Asks: 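There's a structure below that I have some questions on.
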Amino acid sequence: MENWVNYLNDIVEYDVRWNIYKTILIILILWLIKKGGNKIIGIRTGEDMKRVYHWRKTVQYTLVFIGLLLVGNIWISNFQSITTFLGLLSAGIAIALKDIFVNIAGWIFIYWRKPFDVGDRIQIGDYIGDVVDLRLFQFSLLEVGNWVDADQSTGRIVHVPNGKVFMDPQANYSQGFDYIWNEQNINISLDSDYKKAQIILKEIMNKMFQSDFKTIEYALRKAQKEHFISFSQYTPTVYCKIHERGIQLSLRYLCNPRKRRFFEHHFTEAMIDRFRMEPDIKIVYPITSIYLEKGMGKGNKNA
């Protein structure tokens with residue numbers, strides 16, 4: 001280290017050398033402040049990962065901004081006139097780099113208006129996923145759906161430009177109300193006891209969601225205070241109608257969007273097991289039969 005300092009003293013002028021020392025010192029101090037701030041944030045916020053994420057991002061951006069001002073003031077003798085020049089230059093750059101500034105404006109809009117936050121499940125344009133990161137030019141989604149059924153994760157990270165929030169509508173699965181309505185359809189024959197089938201399906205759903213009713217009711221009251229959200233009922237129900245395949249029973253219930261497949265799987269298992277014990281309830285489904293004529297597929301001997 002001492003040899004490196006002596007070498008630097010020999011090849012660099014005193015003023016430049018002193019500016020280098022001050023720059024290194026500023027970077028070191030800001031780095032220590034960041035490390036200390038991250039530890040304090042972790043202690044003060046506890047297990048709230050969303051708050052930890054936002055506070056750490058705020059500290060990072062603030063220190064970078066302060067660092068640029070301090071280092072710029074060291075290396076540029078007339079820093080105030082330079083900032084004025086840069087302000088005029090930015091107008092021309094904004095035209096040439098429109099997309100970059102739109103993405104920055106989108107980043108400000110996301111943090112200010114909060115159409116979504118880290119941890120929310122959203123759909124923007126054709127993309128659906130859980131927000132895992134918010135950056136200056138883009139935000140990242142852990143993709144769900146696509147070739148995977150029931151809104152489960154594909155494992156891909158999709159990076160979306162922030163400017164998309166001004167061009168595409170956003171659907172937030174998590175904001176305001178943490179539950180979504182899910183529906184499953186089952187067809188039974190016309191001669192089946194559909195009223196009995198309805199009672200069985202309601203029993204299965206009520207048993208499955210019994211422990212969630214209080215949580216759903218509390219979340220609904222909270223949503224009604226913050227947003228104009230109102231449901232005539234929040235308990236599971238079954239609707240029926242005449243369908244080309246018989247009687248269609250539509251099961252409708254509130255569930256967490258991340259557990260759709262879980263509930264569909266367990267409910268389907270319970271429903272099939274119960275209906276198999278009921279001879280007067282028959283599940284119907286389309287089938288295709290193929291009849292081959294005798295002799296088809298054999299070669300022609302006269303050919």
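Remember, predicted model here, so these are calculated numbers, not experimental data.
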Asks: Are any non-hydrogen side-chain atoms of Leu141 and Val160 less than 4.5 angstrom apart?
Replies: yes
Asks: Write down the atom of Leu201, the atom of Phe275, and the distance for their closest heavy-atom approach.
Replies: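 Heavy atoms of Leu201 and Phe275 come nearest at CD2-CZ, 3.8 Å.
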Asks: For Thr215 versus Tyr179, what's the shortest heavy-atom pair and its separation?
Replies: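 Closest approach of Thr215 to Tyr179: CG2-OH, 3.2 Å.
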Asks: Within the structure provided, determine whether Asn103 and Leu136 are in side-chain contact (heavy-atom separation under 4.5 Å).
Replies: no
Asks: Out of curiosity, Ile188 CD1 to Asp280 CG, how far, rounded to the nearest 0.5 Å?
Replies: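 If we round to the nearest 0.5 Å, Ile188:CD1 and Asp280:CG are 9.5 Å apart.
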Asks: Does some side-chain heavy atom of Arg113 sit less than 4.5 Å from a side-chain heavy atom of Val165?
Replies: no
Asks: Would you check if Ile110 and Asn162 make a side-chain contact, meaning some heavy-atom pair closer than 4.5 Å?
Replies: yes
Asks: Do Arg245 and Pro286 make a side-chain contact, defined as non-hydrogen atoms from C-beta onward lying under 4.5 Å apart?
Replies: yes
Asks: After noting the C-alpha distance and the side-chain angles of Leu134 and Val118, does the key distance pass the side-chain contact (heavy atoms from CB on, under 4.5 Å) rule?
Replies: CA-CA 7 Å; Leu134 297 173; Val118 174; 3.9 Å; yes
Asks: So, taking the atom named NE2 in His265 and the one named CZ in Arg261, what distance separates them when rounded to the nearest 0.5 Å?
Replies: 10.0 Å
Asks: Which residues pass the side-chain hydrogen bond (donor to acceptor under 3.5 Å, both in side chains) test with Ser250, not counting sequence neighbours?
Replies: Asn185
Asks: So, does Gln123 use its side chain to make a donor-acceptor pair with the main chain of Gly125 at under 3.5 Å?
Replies: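 Looks like yes, one N/O pair under 3.5 Å.
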Asks: Considering residues, nucleotides and ligands other than Lys196, do more than 12 of their heavy atoms fall under 6.0 Å from its NZ?
Replies: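 Atom NZ in Lys196 is crowded, with more than 12 foreign heavy atoms closer than 6.0 Å.
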Asks: Just how far is it from atom CD1 of Ile66 to atom CD1 of Ile33, taken to the nearest 0.5 Å?
Replies: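 Interatomic distance, Ile66 CD1 to Ile33 CD1, rounded to 0.5 Å: 7.5 Å.
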Asks: Assigning hydrophobic clusters by single linkage (Ile, Leu, Val, Met, Phe, Trp, Tyr; side-chain heavy-atom cutoff under 4.5 Å), is Tyr111 placed with Ile108?
Replies: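 Tyr111 and Ile108: one cluster.
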Asks: As an exercise, state the distance from CD of Gln184 to CZ of Arg260, rounded to the nearest 0.5 Å.
Replies: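 The CZ atom of Arg260 is 9.0 Å from CD of Gln184, to the nearest 0.5 Å.
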Asks: Would you check, one step at a time, whether the test side-chain contact (heavy atoms from CB on, under 4.5 Å) holds for Ile283 with Asn187?
Replies: CA-CA 6 Å; Ile283 298 176; Asn187 294 315; 6.0 Å; no
Asks: Measure the spacing between OH of Tyr194 and CD1 of Ile242 and express it to the nearest 0.5 Å.
Replies: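 Answer for the OH-CD1 pair, Tyr194 versus Ile242, is 8.5 Å.
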Asks: Is there a path of hydrophobic side-chain contacts, each under 4.5 Å between heavy atoms of I, L, V, M, F, W or Y residues, that connects Ile104 with Phe166?
Replies: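 Yes, Ile104 connects to Phe166 through the hydrophobic network.
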Asks: So, the side chain of Thr154 versus the backbone of Arg156: is there a donor-acceptor pair under 3.5 Å, distance only?
Replies: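 Pair found, side chain donor or acceptor close to backbone of Arg156.
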Asks: Testing the basics here: between Gly163 and Met167, what is the closest heavy-atom pair and its distance to 0.1 Å?
Replies: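 The pair with the smallest heavy-atom distance is O-CE, 3.4 Å.
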Asks: Heavy-atom count check: over 12 atoms from other residues, nucleotides or ligands less than 6.0 Å from Asp126 CG?
Replies: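 No, because the 6.0 Å sphere around CG of Asp126 holds 12 heavy atoms or fewer from other groups.
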Asks: Grab the two heavy atoms, one from Leu249 and one from Ala197, that are nearest each other, plus how far apart they are.
Replies: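 In this case the closest contact between Leu249 and Ala197 is CD1-CB, 3.7 Å.
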Asks: Mind checking the SG-CE spacing from Cys255 to Met205? Nearest 0.5 Å is all I need.
Replies: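 One gets 12.0 Å once the value is rounded to the nearest 0.5 Å.
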Asks: Evaluate the side-chain proximity of Glu203 to Arg274: yes if any heavy-atom separation is below 4.5 Å, no if none is.
Replies: yes
Asks: Hey, quick one: are Phe139 and Phe137 part of the same hydrophobic cluster, counting side-chain heavy atoms closer than 4.5 Å, chains of contacts allowed?
Replies: yes
Asks: Answer yes or no for Arg135 and Trp107: cation-pi contact, defined as NZ/CZ to six-membered ring centre under 6.0 Å and angle to ring axis within 45°.
Replies: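 Because its charged atom misses either the 6.0 Å distance or the 45° angle limit, Arg135 does not stack over Trp107.
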Asks: Just to verify, what does Asp212 make a side chain to side chain contact (heavy atoms under 4.5 Å, CB included) with, not counting sequence neighbours?
Replies: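 Scan of Asp212 (side chain to side chain contact (heavy atoms under 4.5 Å, CB included), adjacent residues dropped) gives Phe209, Ile216, Phe263.
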Asks: Checking Ser192 side chain against Lys282 main chain: does a donor-acceptor pair fall under 3.5 Å?
Replies: yes
Asks: Can a side-chain donor-acceptor contact be found between Asn182 and Tyr253 if the only test is distance below 3.5 angstrom?
Replies: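 Yes, because at least one side-chain N or O of Tyr253 sits under 3.5 Å from a partner of the opposite role on Asn182.
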Asks: Quick check on the hydrophobic clustering: are Phe267 and Ile180 connected, directly or via other members, by side-chain heavy-atom contacts under 4.5 Å?
Replies: no
Asks: So, do Phe213 and Asn206 sit near enough that their side-chain heavy atoms are less than 4.5 Å apart?
Replies: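 They are in side-chain contact.
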Asks: If you apply the rule salt bridge (Lys or Arg N to Asp or Glu O under 4.0 Å), what do you find for Lys195 with Asp193, and how did you get there?
Replies: CA-CA 6 Å; Lys195 289 187 177 180; Asp193 189 345; over 6 Å; no
Asks: Identify whether Ile272 and Met208 are in the same connected component of the hydrophobic contact network (ILVMFWY, side-chain heavy atoms under 4.5 Å).
Replies: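 No.
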Asks: Counting only heavy atoms not in Trp112, do more than 12 fall under 6.0 Å of its CH2?
Replies: no
Asks: Does any non-hydrogen side-chain atom of Ile186 lie less than 4.5 Å from one of Gln248?
Replies: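 No; the side chains remain at least 4.5 Å from each other.
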Asks: Do you know the tightest heavy-atom contact between Gln170 and Asp168?
Replies: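 Shortest heavy-atom contact: NE2-O, 2.7 Å.
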Asks: How close do Cys240 and Gln198 get, counting heavy atoms only, and between which atoms?
Replies: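 Minimum heavy-atom separation between Cys240 and Gln198: SG-NE2, 4.1 Å.
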Asks: State which residue, out of Ile128, Ile122, Asp120, fulfils the side-chain contact (heavy atoms from CB on, under 4.5 Å) condition with Tyr173.
Replies: Ile128
